[in-house]
Every structure is written in C-alpha cells, then in structure tokens.
A.B. asks: 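Mind looking over this structure? Questions follow.
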There are 2 protein chains.
Amino acid sequence: MAKTGLVLGVDIGGTNTALGLIDREGICHGADSMPTRGDQPVQEFFRRLNERAQGLLGAVGGGFELLGIGMGAPNANYARCTIENPPNLSWNHVDLRAEWAPYFRAIVAATNDANAAALGEMRFGAARGLKDFIVITLGTGLGSGIVVDGRMVYGSTGLAGELGHLIVDPEGRLCGCGRRGCLETYASATGLLRTVSELLEGGSRATELRDIPRGELTSRRVFEAARRGDEVALEAFRITGEILGRKLADAVVFSSPEAIILFGGLAGAGELLFGPTRRAMEANLFPVFRGTVKLLPSGIQGNAAILGAAALGWEALAQGAQTSRGDGKG
Amino acid sequence: MAKTGLVLGVDIGGTNTALGLIDREGICHGADSMPTRGDQPVQEFFRRLNERAQGLLGAVGGGFELLGIGMGAPNANYARCTIENPPNLSWNHVDLRAEWAPYFRAIVAATNDANAAALGEMRFGAARGLKDFIVITLGTGLGSGIVVDGRMVYGSTGLAGELGHLIVDPEGRLCGCGRRGCLETYASATGLLRTVSELLEGGSRATELRDIPRGELTSRRVFEAARRGDEVALEAFRITGEILGRKLADAVVFSSPEAIILFGGLAGAGELLFGPTRRAMEANLFPVFRGTVKLLPSGIQGNAAILGAAALGWEALAQGAQTSRGDGKG
C-alpha cells in the first residue's frame, strides 16, 4: 500500500520554534516545539530541529513518508528560500535548502509568517475555494499575504505584500522602518496601545485603563476593558478599525479580493474590531467594489502557524509536480 | 504552407474605434478606424466593425487566418467578456462574444484600456521579459494594469487594478466616482489642470497660463509653458509627480514590481513628470524596496491601443491552448 505523504511545517519565532507533521487534508500527525535560541549558530538550530523532526517521524511509523518541508519565518524570502537579517536572531543570511541538505532530501520552501498564514487559510481555513483574497495578520505588527487567482503574490523581490507599510499619514507615527505613518503603527497590537496612550494623554474621561501602569498595558487588557464597556477602550478599537478599514478599501482597488481575512491576536477582539473595520472599508470603497468584499475571521483550528507553513510545503510539492509535467511536454 | 495567424485588435473609444490585424510578433498587417457612434444600437456598431474587419482581412489575402479578437474598451469586464454601462456610450450591457458570433468563430477577449496597455507592453513594449510590473495610463483619468508573475491581475470581479481610485486625501478633490481625494483627481491631464487652477487662484506669480482662457487650457499647453520655464507650469508638474510618486510607493508594497511604466498623453511630458514622480516614489518607499523599481516610459511604437488589445487576444489564445492541453491530461 502506498505510504501517506506528510509535510513538515516549521514556524520559526523569535523565542520558540514550532513544528508538526501535516498531511494533505491538514491533519496533524504529531507536533513539537523547542526554544529557537537565535543567539547560537544556525547550524546548531538545524541540528536540534532535525532531532525533533526525526522524533516525530519515528513516532508516526512506517506508513508515512516525508515529502516536503514548509517554513514560516521572519524575513524569509520565498524566491531565494533564505532568511535574511531576521529581527531578534543572530543569523544574518540563512540558505534554508543548504541547511536542510544534510538531513532530508525533501522539497524545501519558505516564506514570511503572513504569507504562510494566507496559504494555510487557502488550503485548510476560511479561504478554501477562494481564488482572490488577502490575509491580514494583526500581531505586534501588521503582516499581509495576498492571493491573486489562486496564487500567492511574491513580486520581483519575493517580498511583496507589505500592507503594514502602506502610508496612512506622511506626518504620522514613527515606524520601526524609519518612515512615518505606516499602517502598522495604527492597526496592530502595538498601534492599539499607542492609540490608547494618545487618548489618555488627550483627555480626562474616566477609564479603567488609566489605572494600569504603562508597562503592564496590553491589547488583551484593552480588549477586556472594552468588553466591560470602557469608553476609552471602545474608542481605541473604533479608531483602529476605522484606519484599517480605510486602507483595506485602498487594497481592494488593487486586487479586488472576494474576502479579507483578519488573523492573529488582535483579530480575536471580534466585532469590537471587525465592526468599525467593515463599516470604514465599505464606506470608503470605490463604488464598483461595494458589497463585493467579505471581512472574515480566520478559519484555522489548532496551530495556525504550523498549518500555514505546511500549506506552503504542499503548494511547493504541487508546483514541483506541475513543473515536471510541463517539462515532460516540452 | 501553414497560414500566418492574426489577431484583430479593437480599441473602442468614446468617439472613435480603431482596429488592426496584428501578428504574433506585433507587426500590424492593416489598420482602420471608424466613428464609434455610441448613441446607436450596439448591433449596428458590430455590423460596421465587421465590415471594416472583413475589408482588412480581404486586403491581406489568403496567406493569413484570423485566430482571435482582443478588445480594449471602457468598463470592459474580462471575467464576463462584457462591456457594462460604458461612460459616453448608450449600450448598457454588451455581451461581446454574442455580438461577434454572427461574424467570426475566433476566440474573443476584452478588458479595459489600461489592462490592454499593460498586456501590450508585456508582449511588444517596455515590459518584455518582465514578470512583475504595473502600467499607469495618464489620460483624462488614471488607469492601471497590474501584472503579477506574468499574469494580469483581474481579481474576483474582473475589475481589479483601479489605482486611479486610491485615496490621496479623504477631504480632497471631488472625484467623478462620488468620493473625495482619488489619485486621478490629481495625477491625470484633468488633475494637472485642476492643480494649475488652484495655483492661479492661490497666487499672483507671473505666468503665461494666466492669459489662457479657462476653456482653452490643456495639459499640452501647460507642458509647453513648463518647457519654456514657466514657474507655475513647472510647479504644477512637480505637484502632480509628487502625489503620483507617493501613491506609487504604496502600490509597490502590494506587488513589488520591477518596473512601473507611465503611459498615455501626460506621460509624454517626459522628465517634467518622471523626475518628480521618481524622486517622490523613491523617497517614500518601504526601505527593502528602495532601488528595486524602475520608472519607465512606454515602449510601444505605433498604435498602442490596437497593439494592447491584440496582445490580449494573443494571451487568450495561449491560455486557450494551455487549457486544452490541461484538459487532455485530465
């Protein structure tokens, strides 16, 4: 009997790295995690990662085979299959295929976290059956993965889809990229906190947020306050959604997606964020696109980052097969 | 001997319709034009268009055969192969395949003028060999055609790529679409004239433009004045390029193109427009994209609109062939 194919999905984070064996249907046949230890040499990281992967493969037994490896990582370049100057890691330039070569002969593909999330939604989540959609990841920053006609947009540099760096206001908030007014300085967990700070400084409304020491204020606490009806917290979500919705309206004229999926920590705020975002997007859409774009939550159950990375591996396998067929014809 | 294949390229304009027979290499084997007469029934238009096409085909003789028809038209929907509520034409909804059916059995494809221009640049012009680029058409309005990984972006509605309706300023100039501050109200021939009007009203600088009656002011006259060193005319081009460049920087984070091609009447102003546009784009780019995007003039010789429409026909033929091969495998 033919063996069941698996892809190893790996999500490299600044602190922890998660991995899992995912089949074609998105079922996880074993998962693990380990500290990333980005201060140590990258070869050491791959030695440990291989040990964990071998452990998972040993546990599933002989009825399975590893076909591919998909990796989501900060500053991963899809075109070159590299990680380049990742923030919070000491690795500079990592050739992922070369690092895997001593251990596996599987196909290796990598992209950034947001693109992996988009591929995960397309294969296993809210974007199943959709050909044109955008995934917005709302975490510390704002990432995005754009799919056009069923294919991820990587662009000439492999780095396309940086909607977190659309400019909201050229004289606006200072961004980590060195410019001012980038969308992610407003629409992200960090952006929400900056908005709360501005509201606290600019007014004297009663709010429980004023009692929280600055270093302890988190987007979760703003969310909890908003659910209790705290006006400043509600206002902060309204402002965040309003700015996000306006820029999503700009994104729609670009690729006319059927859906925009909000993903990641801040998206867990539900209607507190989705409501104002949807209203602002719809009110600011170019008329022909009104009513054509759904705003959806993620449809991924379980470890979304591993599933997204694995979806990239499955896509690379499908493309490899297609290329082989194409070559055969020529 | 095999016959040489031709595609009929048709560019439907509000006043005139141009057509031509274009071979695979972009060589024109005969062209013609006729009044569009958008006030008359669309069936009458196609009867006349067929007569002209038959005339061109008769003239090239028996060594050629018509394989496809590509059409560029205002409000053309690629996905449905229709024209929908075209401005300045009385036709409402036109099913282009049905209208051609009595006359030809060739493949028919249609898209808007800007997408046709992008396909023309890709096949015959400045984008030959490029896989990721954007064409911006600067005429009465601002149109755009976006190509990602060698394929036109149509989106879920077939209407993607409306960069003329990116919002520059939510409280800005009133746009024909009913919103405020759309890019095309600044960066287009009309936008340039609005900028000139604002400069004339807002200042008393000496300028030859002040002597031109309002109804006679055209972008060409502003261009000519700028070439003679007229300060207001130069300032109007600077402002136009500055706004265009800023929004092109936003477009780059979306698809990371290798090149942006400026096309159409206003692009003929050359460095007067390209200079400030390039500087503003580069200064406002997200750092990883700096130095990665070329700003280019059109590379199309001759009738660009016919060549663009024909390029669409050639693309449809290639895709049809690919689909047939795909079906054969299945």
Side-chain angles (χ1 to χ4, degrees), chain A residues 75 77 79 84-85 130-134 144 146 148-149 151-168 170 175-183 246-247 249-259 283-289 292-294 322 325-326 328-329, chain B residues 75 77 79 84-85 130-134 144 146 148-149 151-168 170 175-183 246-247 249-259 283-289 292-294 322 325-326 328-329:
Chain A
N75 286 27
N77 186 315
E84 294 172 19
N85 301 310
L130 301 188
K131 303 202 87 177
D132 293 275
F133 65 96
I134 299 176
S144 63
I146 302 161
V148 166
D149 199 18
R151 305 196 311 171
M152 199 75 221
V153 175
Y154 294 109
S156 65
T157 57
L159 301 167
E162 286 285 357
L163 300 192
H165 297 277
L166 289 172
I167 300 292
V168 172
C175 180
C177 79
R179 302 180 306 158
R180 281 195 174 273
C182 292
L183 179 57
R246 278 183 178 275
K247 294 313 274 188
D250 264 5
V252 169
V253 301
F254 208 99
S255 69
S256 181
E258 309 175 56
N284 287 283
L285 274 180
F286 181 52
V288 298
F289 298 122
T292 69
V293 192
K294 292 186 280 278
Q322 209 167 45
R325 282 204 300 275
K329 283 193 315 232
Chain B
N75 286 27
N77 186 315
E84 294 171 20
N85 301 312
L130 301 188
K131 302 202 88 177
D132 293 274
F133 66 95
I134 299 176
S144 63
I146 302 161
V148 166
D149 200 17
R151 305 196 310 171
M152 200 74 222
V153 174
Y154 294 108
S156 66
T157 57
L159 300 168
E162 285 285 358
L163 300 192
H165 297 277
L166 290 172
I167 300 292
V168 172
C175 180
C177 78
R179 301 180 306 158
R180 281 195 174 274
C182 292
L183 179 56
R246 278 185 178 275
K247 295 312 275 189
D250 264 6
V252 169
V253 301
F254 207 99
S255 69
S256 181
E258 311 174 56
N284 287 284
L285 273 179
F286 181 52
V288 298
F289 298 121
T292 69
V293 192
K294 291 187 281 279
Q322 209 166 43
R325 282 203 301 274
K329 281 194 315 230

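Per chain, numbering begins at 1; letters A, B, ... match sequence-line order.
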A.B. asks: Taking side chain as everything from C-beta outward and backbone as N, CA, C, O, which of these in B:Ile134 sits under 4.5 Å from a heavy atom of chain A? Side chain, backbone, both or neither.
C.D. replies: side chain
A.B. asks: With only heavy atoms counted, which part of B:Ala249 is less than 4.5 Å from chain A, the side chain, the backbone, both or neither?
C.D. replies: neither
A.B. asks: For B:Leu285, is it the side chain, the backbone, both, or neither that has a heavy atom closer than 4.5 Å to a heavy atom of chain A?
C.D. replies: backbone
A.B. asks: Return the minimal non-hydrogen interatomic distance between B:Phe254 and A:Ala160, and the atom names on each side.
C.D. replies: O-CB, 3.4 Å
A.B. asks: With a 4.5 Å cut-off on side-chain heavy atoms, are B:Tyr154 and A:Asp149 touching?
C.D. replies: no
A.B. asks: Who wins among A:Glu258, A:Arg246, A:Arg151 for the most heavy-atom pairs under 4.5 Å with chain B?
C.D. replies: A:Arg151
A.B. asks: Closest heavy-atom contact between A:Ser256 and B:Thr157?
C.D. replies: OG-OG1, 2.6 Å
A.B. asks: Measuring heavy-atom distances to chain A, does B:Arg180 have an atom under 4.5 Å in its side chain, in its backbone, in both, or in neither?
C.D. replies: neither
A.B. asks: So how far is it from A:Asp250 CG to B:His165 NE2, rounded to the nearest 0.5 Å?
C.D. replies: 12.0 Å
A.B. asks: Out of B:Leu130, B:Ile146, B:Thr292, which one racks up the most heavy-atom pairs below 4.5 Å with chain A?
C.D. replies: B:Ile146
A.B. asks: Just by distance, do the side chain of A:Ser255 and the backbone of B:Gly155 share a donor-acceptor pair under 3.5 Å?
C.D. replies: no
A.B. asks: Counting only non-hydrogen atoms closer than 4.5 Å, does B:Phe289 touch chain A with its backbone (N, CA, C, O), its side chain (CB onward), both, or neither?
C.D. replies: side chain
A.B. asks: Measure distances from B:Ile167 to the heavy atoms of chain A and classify the residue's part below 4.5 Å as side chain, backbone, both or neither.
C.D. replies: both
A.B. asks: B:Ser144, B:Ala259, B:Gly158, B:Gly161: which one forms the most heavy-atom pairs within less than 4.5 Å of chain A?
C.D. replies: B:Gly161
